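To start, the structure itself, in structure tokens.
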Amino acid sequence: MTTTTTAAGVPALPAFRNEPVDTFSSDTSRHNAANVLRHIKAELGREYALRIAGRRVKTGDHLRSVNPSRPAEIVGIHEMATADLAREAIVDGHAYFPEWAATPVSRRIELVVETAAIIRRRKLEFDSWLVLEAGKTWFEADADVSEAIDFCEYYARQMAKLASPAEVHQMPGEHDEMIYLPLGVGLIIPPWNFPLAILTGMTVAALVTGNTVVIKPSSETPTIAAKFAEVLEEAGFPPRSFSLVTGRGSVIGDLMVEHPLTRFISFTGSREVGLRIVELAAKPRPGQIWIKRVIAEMGGKDAIVVDAGVDIDDAVKGVIASAYGYQGQKCSACSRAIVHQDVYDEFVSKLQAAASSLTVGPSEEVTNYMGPVINEGALKTIRNYIETGKSEGRLVCGGERAAGDGYFLQPTVIADVDEKARVFQEEIFGPVLAVTKARDFNHALDLANATEYGLTGAVYTNSPEKIDLAKRKFFVGNLYINRKCTGAMVGAHPFGGFNMSGTDSKAGGPDYLLQFVQSKSIAERIR
Ligand code: NAP
């Protein structure tokens, strides 16, 4: 096995490779998953404390997470942090920062690699929590957990590179260098839809570069965050290097963003909350001596363009996987199919057949392709969009709740949608796909670009000239050609969007860690 280049004292690591994802198609996998799930269920309804400044704290004010496949089932009971506790976490993260920043890079890398090893060892356990608390199907859960492992392994290797920076030009009579320093205490604010992968990626990127963190997990998936905090502790991260502050973002979010000691905010979530954070972080507060850095990865309205002449079955397969995998609740999900007029009718008819055949039900049952949407509020919002869509286009299939107690929705297709329609412009974040007819490939690309977002996109075409055109004209952070637009792999597909999709931080890419450091240039006269 080849090894990465390392600075003196930094452990040599084998070359990065992506963690394999289980499809749970074998009897053994299914049997093992069912066994672990049974054990995990014995833990449902357990209480978890906050982790503030190295202490476990209970407030008695509880936040309950539920299983969206079976909302009466409580997954975890968590403490709501008070404003004072949230502030304390930041103040202590700031106080501990110099000590953590001085911890040798080799040790920080070791801890991140150990984090990956523990998650790998407990993979089915984490899969189970994702099935129960986030409503992921087993395959989607395993992809999420694998990505979390990938982020750890990848950023550990990127940190080794950052520790031996490229040489700068040498002025005569001087020794010139540039080194990277961590920033301070940062807020880590992940969404619920990749409750382990995004949480892990943002956290370990900040920690491995020498920052301390205050994690404010999503209120939908706090148990997964509590389990991740257990892993950080088990790996050996000092208790004061991270705090875990559960509580409603609408209650404690602003005060943590505004705190003068907060040095940076790493956020992934909606456009609305992301822009609020950007705005609040821009205003200096009394005692603040820096410009806060904000990494904000936000929503999408991603399109797949289908050209004439392509294998329509293949294109339908890619659109189905992108639109309905995890019930369409991915920032990268395809929510618009833009189809050449010559193949439009054939595409819609095959899409209808494929979408109508998808199985929907409790995510723990391996035979279900789709599980529930995350909560009652999401169910209502998505159903309202479906009603709007019925007046803006033609309901081809779906549109109703699917059977069961959970937040189940049928996979929905709305065809003949034009570019002004709300279902064409706004992020729905559910299993709803708008289909639009294009005159030609150029028109299709114009339509694809006609929203304020720019996260992912795909084109299906046989023409090398049109592929070239898409590479130049399709304005998205992640472009896919003749394949689905979801499933970015760490290392291969650095992830982040344009326009209102965010700050294009390119998670899982070679430049990502640069956002968690500042560079210092040093010129020493040779005497
Ligand atoms: P969200 O409602 O914006 O919440 C994201 C996080 O922000 C949660 O932890 C939330 O906490 C917290 N929060 C809420 N209000 C806050 C405030 N005033 N200050 C600070 N934090 C606050 O988004 P979501 O529903 O969890 O996630 C879905 C969204 O994420 C979609 O728009 C999706 O496209 C986007 N997303 C983007 C990417 C990407 O890479 N571009 C990846 C995944 C998801 P509470 O839960 O307590 O409210």
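Just so you know, ligand 1 is whichever comes first in the structure, and atom 1 is the first atom listed for that ligand. Predicted model only: the values in this text are computed from it and were never measured.
There is no side-chain donor-acceptor pair under 3.5 Å between Asp61 and Thr59. Side chains of Glu426 and Tyr385: a donor-acceptor N/O pair is present below 3.5 angstrom, by distance only.
In this structure, Trp192 is part of the shell of residues with a heavy atom less than 4.0 angstrom from ligand 1. Using a 4.0 angstrom heavy-atom cutoff, Ser332 does not count as in contact with ligand 1. Residue-ligand proximity: Pro190 is placed with a non-hydrogen atom under 4.0 Å from ligand 1. Ligand 1 lies out of reach of Gly274, whose nearest heavy atom is not under 4.0 Å from it.
Between Asp254 and ligand 1, at least one pair of N/O atoms sits closer than 3.5 Å. Residue-to-ligand polar distances keep Asn193 apart from ligand 1: every N/O pair is separated by 3.5 Å or more. Here's the thing with Arg271: none of its N/O atoms is less than 3.5 angstrom from an N/O atom of ligand 1.
Taking CG of Leu455 as the start and CD of Glu297 as the end, the distance is 8.0 Å to the nearest 0.5 Å. Note that the CD1 atom of Ile189 and the CD1 atom of Ile198 stand 13.5 Å from one another [nearest 0.5 Å].
Using a 4.0 Å cut-off between a side-chain N of Lys or Arg and a carboxylate O of Asp or Glu, Glu133 and Lys227 do not qualify as a salt bridge.
At a heavy-atom distance under 4.0 Å, only side-chain atoms of Phe495, from C-beta outward, approach ligand 1. When non-hydrogen atoms are compared, ligand 1 lies under 4.0 Å from neither the backbone nor the side chain of Ala507. Looking at Lys216 against ligand 1, both its backbone and its side chain come within 4.0 Å, counting heavy atoms. With a 4.0 Å cut-off on non-hydrogen atoms, Glu297 touches ligand 1 through its backbone as well as its side chain.
For atom 4 (O) of ligand 1, no protein heavy-atom neighbour is found at a distance under 4.0 Å.
Counting the atoms of ligand 1 from 1 in the order shown, those under 4.0 Å from a heavy atom of Pro217 are 9 (O). The contact set between ligand 1 and Ser219, taken as ligand atoms under 4.0 Å from a residue heavy atom, comprises 45 (P), 46 (O), 47 (O). Close approach of ligand 1 to Phe267 is summarised as follows: ligand atoms under 4.0 Å from at least one heavy atom of the residue are 3 (O), 5 (C), 6 (C), 7 (O). Within the listing of ligand 1, atoms 41 (N) sit less than 4.0 angstrom from a heavy atom of Leu455. Using a 4.0 Å cut-off to heavy atoms of Ile198, the atoms of ligand 1 that qualify are 42 (C), 43 (C). The ligand atoms of ligand 1 that sit less than 4.0 angstrom from a heavy atom of Ile189 are 6 (C), 7 (O), 9 (O), 12 (C), 20 (C), 21 (N). Every atom of ligand 1 with a heavy atom of Gly247 under 4.0 Å away is listed here by number and element: 47 (O). The distance from ligand 1 to the heavy atoms of Gly253 drops below 4.0 Å at these ligand atoms: 17 (C), 19 (N), 20 (C).
With sequence neighbours left out, Glu147 forms a side-chain hydrogen bond (donor to acceptor under 3.5 Å, both in side chains) with no residue at all. The side chain to side chain contact (heavy atoms under 4.5 Å, CB included) search around Glu88 returns Ile52, Ala53, Arg55, Leu85, not counting sequence neighbours.
In terms of protein heavy atoms, atom 17 (C) of ligand 1 is closest to Gly249 O, 3.4 Å.
Note: Trp100 and Phe237 have tilted aromatic rings, judged against thresholds of 30 and 60 degrees for the angle between ring planes.
Between Tyr155 and Tyr512, the distance separating the two ring centers is shorter than 6.0 angstrom.
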